[in-house]
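Down below is the structure, laid out as structure tokens.
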Amino acid sequence: MPDIANQTKAQTEGTLDWVGMSNIEMPVVVGAANEPERPVSARVEAFVNLTDPKAKGIHMSRLYLLLEDLSNNNALNYSTLKTLLNDFISSHDGLANQAFVQFAFDYHLRRKSLISKKQGWKAYPVVITGRYNQGNLDLQLAVEVPYSSTCPCSAALARQLIQDAFAEQFGTDEEVDAELVHRWLGTTQGIVATPHSQRSIAEVKVKLSEQTTEFPVVELIDAIEDALQTPVQAAVKREDEQEFARLNGQNLMFCEDAARKLQHALNQESQYADFWIRVNHYESLHAHDAVSITTKGITGGFSA
Ligand SMILES: Nc1nc2c(ncn2[C@@H]2O[C@H](COP(=O)(O)OP(=O)(O)OP(=O)(O)O)[C@@H](O)[C@H]2O)c(=O)[nH]1
């Protein structure tokens with residue numbers, strides 16, 4: 001059989017930064033820290049560099065079959081990812097000295113309701129990226145976490161309208177009938193305006209420190225949700241919805257507030273050598289989005 005990759009030379013010579021395959025669909029068993037291994041449907045990117053300027057190309061089937069082997073015979077964890085990247089390079093002896101692999105998938109978690117003790121599934125988009133460059137392993141974990149953000153400006157403006165409605169209803173006398181006010185507060189006229197809130201998404205990428213030997217998928221999601229306090233809910237009874245309303249009212253935030261909360265939370269975690277955060281508030285006031293982006297600020301690290 002003719003073998004173009006081995007038997008012919010490049011028509012135009014040159015080294016290449018990355019060559020490989022994108023959007024490979026395969027089931028993978030993921031082993032995340034403190035979680036049972038579980039199958040996911042992954043989209044995979046697999047690359048090596050091409051160091052020989054005269055070589056026609058890399059051997060894509062070798063990368064693919066190494067992924068196949070991982071998919072069928074192993075779980076994706078720190079150790080197998082490292083081995084995979086090493087094997088990408090050793091399968092391209094004389095052609096490559098760097099390797100890159102990325103697994104993107106939805107990671108489903110059972111999440112408890114706020115009050116009623118019900119449970120429901122939430123699917124979090126996760127991306128695990130590994131890069132091997134002459135013995136240096138760079139591991140990154142990215143997650144997307146949806147949450148609700150209520151506008152502090154809108155809340156203040158709504159409060160003012162409520163105060164005005166109160167003054168109109170009860171005047172400005174010192175004494176008012178508490179029972180009447182209590183009943184009035186339970187009417188639409190009592191809460192004459194409500195602040196707008198929006199479904200928002202925190203995109204967070206962390207570089208794992210050299211000491212980290214497991215993917216802290218759930219720890220990272222939990223840290224983000226704990227910092228924001230208003231993650232979107234799965235199973236919701238009325239008591240859960242009421243608690244959600246309270247949490248939104250007590251955690252008013254602009255996109256700047258959300259990014260700073262996450263920045264503060266991730267700065268406490270030594271297992272993240274670096275981080276990149278993009279907070280997207282899909283506004284209900286505007287047709288455009290409010291966005292803030294920040295990083296840990298490491299020299300040579302992630303840039304905004
Ligand atoms: N390098 C390269 N291969 C491609 C590309 N598009 C498709 N392929 C195909 O990928 C297939 C696998 O290539 P190789 O890994 O060299 O296959 P092989 O020669 O059977 O495998 P080895 O004996 O291990 O080298 C070939 O049939 C190529 O035609 C491309 O853009 N670049």
Side-chain angles (χ1 to χ4, degrees), residues 1-32 37-107 123 125-144 203 205-208 210 213-215 217 276 278 300-303:
M1 269 188 286
D3 187 350
I4 289 291
N6 269 330
Q7 292 164 352
T8 59
K9 293 283 170 213
Q11 288 144 330
T12 311
E13 294 182 10
T15 59
L16 295 170
D17 292 350
W18 294 122
V19 191
M21 291 160 290
S22 182
N23 264 322
I24 304 168
E25 291 175 1
M26 56 173 58
V28 173
V29 173
V30 172
E37 290 176 352
R38 70 184 62 175
V40 299
S41 177
R43 293 168 310 286
V44 188
E45 316 250 307
F47 291 89
V48 288
N49 61 342
L50 182 56
T51 53
D52 181 350
K54 294 187 191 320
K56 178 70 177 165
I58 68 154
H59 301 278
M60 298 210 175
S61 70
R62 299 180 192 176
L63 303 184
Y64 185 88
L65 291 174
L66 287 165
L67 283 169
E68 245 303 289
D69 186 49
L70 175 80
S71 168
N72 287 316
N73 303 319
N74 256 317
L76 172 66
N77 55 37
Y78 173 84
S79 144
T80 56
L81 182 70
K82 208 170 154 179
T83 305
L84 180 70
L85 288 168
N86 264 318
D87 291 346
F88 277 7
I89 295 174
S90 57
S91 69
H92 284 77
D93 193 25
L95 290 181
N97 58 18
Q98 292 182 28
F100 174 97
V101 71
Q102 185 172 84
F103 296 86
F105 51 88
D106 280 349
Y107 197 79
V126 170
V127 180
I128 291 173
T129 305
R131 186 188 301 241
Y132 223 152
N133 180 8
Q134 285 151 355
N136 292 323
L137 179 63
D138 177 277
L139 272 187
Q140 293 176 15
L141 168 65
V143 297
E144 286 183 20
E203 296 172 55
K205 184 163 59 178
V206 295
K207 177 178 155 72
L208 301 180
E210 281 169 16
T213 53
E214 289 185 292
F215 304 131
V217 177
W276 174 92
R278 178 181 164 121
F302 290 130
S303 62

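Counting convention: from 1, in listed order, for ligands and their atoms alike. Quick note: residue numbers are just sequence positions, from 1.
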Next item on the list: Would you check if there is a donor-acceptor pair between the side chains of Thr83 and Asn86 at a distance under 3.5 Å?
Entry: no

Next item on the list: Taking side-chain hydrogen bond (donor to acceptor under 3.5 Å, both in side chains) as the test, write out the residues that go with Arg278, two or more places apart.
Entry: Asn280

Notebook entry, point to check: Around ligand 1, what residues show up once you keep those with a heavy atom under 4.0 Å from it?
Noted result: Asp3, Ala5, Ile58, His59, Met60, Ser61, Arg62

Margin query: Does anything in residues 51-79 form a ring-ring contact (aromatic ring centres under 6.0 Å, His included)? List the pairs, not counting sequence neighbours.
Written below: His59-His92

Note to self: Side chains of Gln140 and Asp138 only: does a donor on one sit below 3.5 Å from an acceptor on the other?
What the structure shows: yes

Checklist line | Glu144: side-chain hydrogen bond (donor to acceptor under 3.5 Å, both in side chains) partners, not counting sequence neighbours | finding: none

Item checked: Glu13 bridged to Lys54 by N-O distance under 4.0 Å -> yes

